[in-house]
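Everything numeric here is computed off the predicted structure, so don't read it as measured data. In the text below, chain A, chain B and the rest are named by the order of the sequence lines, each starting its count at 1.
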There are 2 protein chains.
Amino acid sequence: MTKRATVYDVADRAAVSIATVSRVLRSPDAVRPATRERVMDAVSELGYVPSGSARGLAERRTGVLGLYFPGFDASEDAPPLDVLGEEHASMPPFTMARDAADPAAHPTLLFLDEVLRGAELEAWKQGFVLMIGVGRDDPSRSTVRDMAGRVDGLIVLAQSVPDDVLARLAQRIPVVVLSGPSRGDDYDHVTVSNTEAMAELTRLVLAQADHTRIAFLAGPTDSPDGAQRWDGFAAAVTDAGIALDDVTVVRGDFTRASGREAAESLIAAGPPSALVAANDQMALGALDAFRSAGLRVPEDVLITGFDGLEAAALSTPPLTTVRQPMIDLGRAAVQLLGRRLERPDAEPATVRLPLQILLRESSQRSG
Amino acid sequence: MTKRATVYDVADRAAVSIATVSRVLRSPDAVRPATRERVMDAVSELGYVPSGSARGLAERRTGVLGLYFPGFDASEDAPPLDVLGEEHASMPPFTMARDAADPAAHPTLLFLDEVLRGAELEAWKQGFVLMIGVGRDDPSRSTVRDMAGRVDGLIVLAQSVPDDVLARLAQRIPVVVLSGPSRGDDYDHVTVSNTEAMAELTRLVLAQADHTRIAFLAGPTDSPDGAQRWDGFAAAVTDAGIALDDVTVVRGDFTRASGREAAESLIAAGPPSALVAANDQMALGALDAFRSAGLRVPEDVLITGFDGLEAAALSTPPLTTVRQPMIDLGRAAVQLLGRRLERPDAEPATVRLPLQILLRESSQRSG
DNA sequence: ATGAAAGCGCTAACAA
DNA sequence: TTGTTAGCGCTTTCAT
């Protein structure tokens with residue numbers, strides 16, 4: 001790794017001006033084939049790679065899009081990993097464990113993995129590369145601000161950035177808000193039809209269950225998704241002529257453990273005939289609890305989830321759920337960004353993606 | 001989105017020079033509190049965010065690390081998604097499906113999701129942001145070259161970049177190769193002890209199984225991981241005094257379907273007493289095939305996988321496997337990069353991370 | 001403690 | 001077709 005080669009080095013070597021080098025790289029046809037070849041050779045020989053910073057500065061665009069989401073995993077507290085130290089060298093090549101349990105990742109992370117893939121795919125299709133940032137509250141460093149200075153556009157997951165900060169960033173670059181409801185702002189949005197899908201799912205459950213013993217397993221109060229899902233549930237229940245007071249509502253925090261606990265409290269109070277959960281992880285936890293209590297699903301109680309995690313397909317019985325179009329969420333966000341970059345003053349748009357209700361055994365009394 | 005504010009705008013507004021603005025942002029203590037405050041106010045009022053390109057150019061470092069891996073999902077062929085068109089607006093809010101099947105993601109993708117999280121975590125700890133790139137063979141565009149121009153260091157998954165290209169990039173920035181064996185190159189490497197762990201796992205299986213009817217389900221020939229796992233298996237078998245000719249070897253391509261097919265061919269030829277697979281997905285496919293054929297696992301045949309996917313914990317019976325330290329792989333790669341950036345001419349290092357053998361029901365005759 | 005000025009490596013007019 | 005040159009927005013000596 002000698003001195004990094006620049007346009008000047010290449011120009012010297014090819015005996016042309018730096019402008020010609022730049023042309024060869026950006027619009028090859030604008031230069032005579034012979035010259036082009038000389039330049040290309042020089043590029044190869046020097047191992048020249050153009051500086052993204054210099055390009056970005058001159059072009060006033062970076063060719064990078066940013067994806068920013070909250071850090072759910074409390075990763076700030078992750079133990080330091082020292083792979084370079086002495087004691088590391090003496091580690092055994094493997095260890096052994098008899099526990100069958102697998103630490104399930106936070107559901108939102110699984111969700112984000114796929115969103116990320118969709119975003120990357122579409123970014124690539126549009127000629128961008130993707131930068132990712134995870135929100136961690138370190139007042140002294142602002143990752144999102146940092147990112148905003150390096151990208152042409154930013155996708156943020158709802159709730160991951162305080163409103164005032166977001167407003168400031170949006171002053172500099174286009175912002176797309178993912179998966180949160182539009183709150184009268186001017187951003188472009190991508191959302192799903194939580195309410196409608198949950199309403200329909202609830203109707204399907206109501207068609208089978210004993211109406212007087214239906215329960216809802218809600219998510220944390222500050223989740224917009226959770227709120228919309230409750231809305232859909234409530235609407236369907238009301239439509240069916242049931243008073244909301246007659247349904248039992250328990251609350252969890254979207255984790256499997258919280259679902260299990262909530263279900264245990266339900267069981268203690270007399271098990272419901274059907275449990276509609278605000279997400280898959282909690283539904284799976286409830287499934288555990290019901291089985292432990294000797295209740296059969298779906299014979300004794302119906303259960304539904306929401307999200308469409310892989311684990312929901314693998315449970316016993318397989319869990320009825322609603323699948324999020326995660327890949328498409330990522331892709332749509334990038335498309336919105338692309339559009340806005342081209343037409344900066346287009347009307348703010350909200351793209352609403354369809355969900356897919358997956359009917360499986362956990363909600364089908366007949367099978 | 002008016003004109004983007006620059007240092008000059010801030011300087012004007014605060015009635016200081018641009019140098020002072022820069023100082024306030026980079027070393028606040030070097031400037032008198034009163035001045036500092038004036039500048040900060042101007043920054044807020046203008047919504048100023050420093051340009052990453054300009055910074056990168058002046059500082060000669062970008063503060064960005066790159067993570068580049070191959071695109072397994074044939075995503076080039078993904079259908080165009082048009083969320084902005086007319087017909088999109090008329091889409092229903094949800095659809096319904098009765099199929100319980102869930103399209104399992106490519107195993108390597110799941111693997112990469114976690115590596116990515118580890119890399120991001122460590123990058124954040126070291127004050128970097130992460131840029132990601134996926135390899136897709138488009139001769140006209142070279143994403144990896146592109147990335148190399150924008151980052152301070154690059155992590156590449158083994159085999160995702162041709163040797164000659166990698167060599168050129170490494171001339172410009174430090175490169176860490178992930179999960180591939182070092183082939184006499186000068187890069188820093190992060191790997192796992194595939195061979196040793198597979199050997200140990202095989203020993204455990206041999207201790208229970210009928211030695212004459214053991215089979216190995218290999219991965220694609222061009223996979224270094226697959227090759228190492230075979231080496232470990234072969235070593236253990238040989239150590240046990242068994243001739244390699246006596247073991248049946250079938251080959252798949254790491255997918256579940258290929259595992260199923262391979263197992264079916266085994267069954268047709270007379271089922272083995274134990275099947276050691278080179279990865280989880282194939283092992284799960286084999287599990288399917290054995291069950292369809294009426295063979296019981298582990299009573300009739302033992303099965304083991306490799307990777308530690310969540311699906312392996314959820315199968316029936318749970319699959320014995322070897323868990324990759326995916327998070328730590330990502331973290332270690334970033335640490336190596338950090339070290340190299342600090343001490344450019346340190347000795348090339350290879351970090352070998354321990355694997356974890358997870359003993360579960362599929363390989364335990366006694367239970 | 002603050003300012004003036006010289007780059008950093010590129011792109012894109014504009015000239016030739 | 002090619003070269004000259006003026007920025008792009010920042011950091012960092014070096015003066016003051």
Under 3.5 Å, which donor-acceptor pairs link side chains of residues 49-58 of chain B to any protein atom two or more places apart or in another chain?
from	atom 1	to	atom 2	distance (Å)
B:Ser51	OG	B:Ser53	N	3.3
B:Ser51	OG	B:Ala54	N	3.0

Subject >> Interatomic distance where CZ belongs to A:Arg38 and P belongs to D:dT1 [whole Å] >> reply: 15 Å

Could you tell me whether [X] and [Y] make a salt bridge, using a distance below 4.0 angstrom between a side-chain N and a carboxylate O?
X	Y	result
A:Arg340	A:Asp345	no
A:Glu120	B:Arg136	yes
B:Arg26	B:Glu59	yes
A:Arg117	B:Asp113	yes
B:Asp188	B:Arg339	yes
A:Arg150	A:Asp146	yes

Original post:
For every nucleotide of nucleotides 9-14 of chain D, 5' to 3': is a protein heavy atom under 4.0 Å from its base (B), only from its sugar-phosphate (S), or from neither (-)?
Top reply: BBBBB-

Original post:
Hey, is the side chain of A:Thr35 poking within less than 4.0 Å of OP1 or OP2 on D:dT1, counting only N and O atoms?
Top reply: no

**OP:** Enter the inter-axis angle for the ends of the helix from C:dA1-D:dT16 to C:dA16-D:dT1 (five pairs per end, rounded to 10°).
**Re:** 30°

Original post:
Do A:Val176 and A:Tyr187 have side-chain heavy atoms sitting under 4.5 Å apart?
Top reply: no

